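Computed over heavy atoms, backbone and side chain alike; hydrogens, waters and symmetry mates excluded. Because the structure is a prediction, the values reported are computed rather than measured.
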Amino acid sequence: MQRVVTVLEILVPIFAAIALGMLARRKGALTREGVMGMQQYVMQYGLPCVLFNSCLSASIGAESLTSMALVLPMMLLSVTWAFRARKSRFPYHNLPQLFAAQESGMLGIPLFMTLFGAAQAFRMGVLDMAQALVCITTIALLTAKTDEGTRPAEILRQVFTSPLLLMSLLGLALNLSGAKAWLEAAGIASILTETAGFIAQPVSAAILFAVGYNFSLGSGNRSHIFKISAIHFAYFTLFGLLIQLVLFLLTSVEAQTRWAILIYTTLPPSFLSLGLGRNEEEYEMAAGVCSLLTVVSLAIFCVIAVIVS
């Protein structure tokens, strides 16, 4: 009975937040702009604080570098396939972005934190950094061919100056340089971490609420939505299994790293793909794929929660 209660303590808050988001949209309780404001708070302030604290206290070493090295070729291969596929099978301009990055920021880190705590968030954060190179390059290629109203330089500037990336790097720099020990000796470290932790408190609930609010399967070509979703799921499942095999051979790898990789490979594509569509059809296609794979990801997460708890 206690095991059931433990699992429910993890899952019920997640689905309650998603259900409230769906209800808010149906009732018109919040505007899309209001929900976007919540997402902006999370991405600009909440999650960066989570990653700062996690990277500041993390034991970064060969294990994290190995995880990053395994993820990078996986993303390169997937986005290469997507650029080829859009010339023939799926002629959507924003298709490559669906395969260039997983939604580790908006969804993966909050889910991982739910199971393992904010202190372990760096294990998902380093995977997000590993995919950044592929993601940034893909955005550059896609925006270079859009209309004059889109400014590629501005989009790239926002990616390079992302608070998620900058705060992760700051936490790592303080950690690896030894500055963390100086801050602790001066009595400043706890003030920084407590402040960051306070700002980060609403992260998980806000993101899951937004996931529910934005859920959509699109009204356009649902056949393509299901096909692209199936290809995405199959590809990342296969490579996820291969990465787990490599990690299995490295007997010193901690269990949390294995779980981080597993959750990462089951995540939906980056939600940035919606904004890179050139028309309503491409926007709805990306929204449908992201929403459908979010449901799949949450279903798998439920199984993981049962195993871990």
Quick check: does any side chain N or O of [X] sit under 3.5 Å from a backbone N or O of [Y], one acting as donor and the other as acceptor?
{"X": "S78", "Y": "M75", "value": "yes"}
{"X": "N94", "Y": "E282", "value": "yes"}
{"X": "Q120", "Y": "F116", "value": "no"}
{"X": "Y92", "Y": "R86", "value": "no"}
{"X": "Y41", "Y": "P202", "value": "no"}
{"X": "E103", "Y": "P268", "value": "no"}

As an exercise, state the distance from [atom1] of [X] to [atom2] of [Y], rounded to the nearest 0.5 Å.
{"X": "L72", "Y": "L77", "atom1": "CG", "atom2": "CG", "value": "9.5 Å"}
{"X": "F112", "Y": "I304", "atom1": "CZ", "atom2": "CD1", "value": "10.0 Å"}
{"X": "F90", "Y": "L95", "atom1": "CZ", "atom2": "CG", "value": "7.5 Å"}
{"X": "E284", "Y": "S291", "atom1": "CD", "atom2": "OG", "value": "11.0 Å"}
{"X": "L30", "Y": "R25", "atom1": "CG", "atom2": "CZ", "value": "12.5 Å"}
{"X": "M285", "Y": "N279", "atom1": "CE", "atom2": "CG", "value": "9.5 Å"}

Review point. Should L111 and L298 be marked as a side chain to side chain contact (heavy atoms under 4.5 Å, CB included) after you check the CA-CA gap, both sets of side-chain angles, and the distance that decides it?
Key: CA-CA 9 Å; L111 290 179; L298 289 172; 4.1 Å; yes
For a quick test of reading the model, state the closest non-hydrogen atom pair linking [X] to [Y] and the distance between them.
{"X": "P96", "Y": "V79", "value": "O-CG2, 3.6 Å"}
{"X": "P269", "Y": "L98", "value": "CB-O, 3.1 Å"}
{"X": "T193", "Y": "N53", "value": "O-ND2, 2.9 Å"}
{"X": "P110", "Y": "S104", "value": "CD-O, 4.4 Å"}
{"X": "R89", "Y": "I231", "value": "NH2-CD1, 3.8 Å"}
{"X": "M124", "Y": "A260", "value": "CE-O, 3.6 Å"}

Point to revise | Check against side chain to side chain contact (heavy atoms under 4.5 Å, CB included), Q97 and S270 | key: CA-CA 7 Å; Q97 186 60 27; S270 168; 3.8 Å; yes
Take atom [atom1] in [X]; do more than 12 heavy atoms of anything else shown fall under 6.0 Å from it?
{"X": "F83", "atom1": "CZ", "value": "yes"}
{"X": "F233", "atom1": "CZ", "value": "no"}
{"X": "E194", "atom1": "CD", "value": "no"}

Exercise for review: Show the numbers, then the answer: is there a side chain to side chain contact (heavy atoms under 4.5 Å, CB included) between F99 and T80?
Suggested key: CA-CA 9 Å; F99 291 83; T80 299; over 6 Å; no
Are [X] and [Y] joined in one hydrophobic group, where the rule is that I, L, V, M, F, W and Y side chains link up if heavy atoms are under 4.5 Å apart?
{"X": "V253", "Y": "I307", "answer": "yes"}
{"X": "L176", "Y": "L192", "answer": "no"}
{"X": "I109", "Y": "L293", "answer": "yes"}
{"X": "L241", "Y": "Y264", "answer": "no"}
{"X": "L56", "Y": "L166", "answer": "no"}

Check your understanding: With respect to S297, which candidate in T265, I263, L267 satisfies the side chain to side chain contact (heavy atoms under 4.5 Å, CB included) definition?
Key -> L267
Practice item. Decide side chain to side chain contact (heavy atoms under 4.5 Å, CB included) for T266 and F301; before the verdict, give the C-alpha distance in whole Å, the side-chain angles of both, and the deciding distance to 0.1 Å. Key: CA-CA 9 Å; T266 61; F301 178 80; over 6 Å; no
Close side-chain approach of [X] to [Y], heavy-atom, < 4.5 Å:
{"X": "F52", "Y": "L174", "result": "yes"}
{"X": "R123", "Y": "W259", "result": "no"}
{"X": "Q102", "Y": "L107", "result": "no"}
{"X": "R222", "Y": "F226", "result": "yes"}
{"X": "S223", "Y": "K227", "result": "yes"}

Exercise for review: Check whether the side chains of H224 and E281 place a donor and an acceptor atom closer than 3.5 Å, and report yes or no.
Suggested key: no
**Study point:** With sequence neighbours excluded, residues passing side-chain hydrogen bond (donor to acceptor under 3.5 Å, both in side chains) with T114
**Key:** none
Check your understanding: What class does the angle between the rings of F236 and H232 fall in, given that below 30° is parallel, 30 to 60° is tilted and above 60° is perpendicular?
Key -> tilted
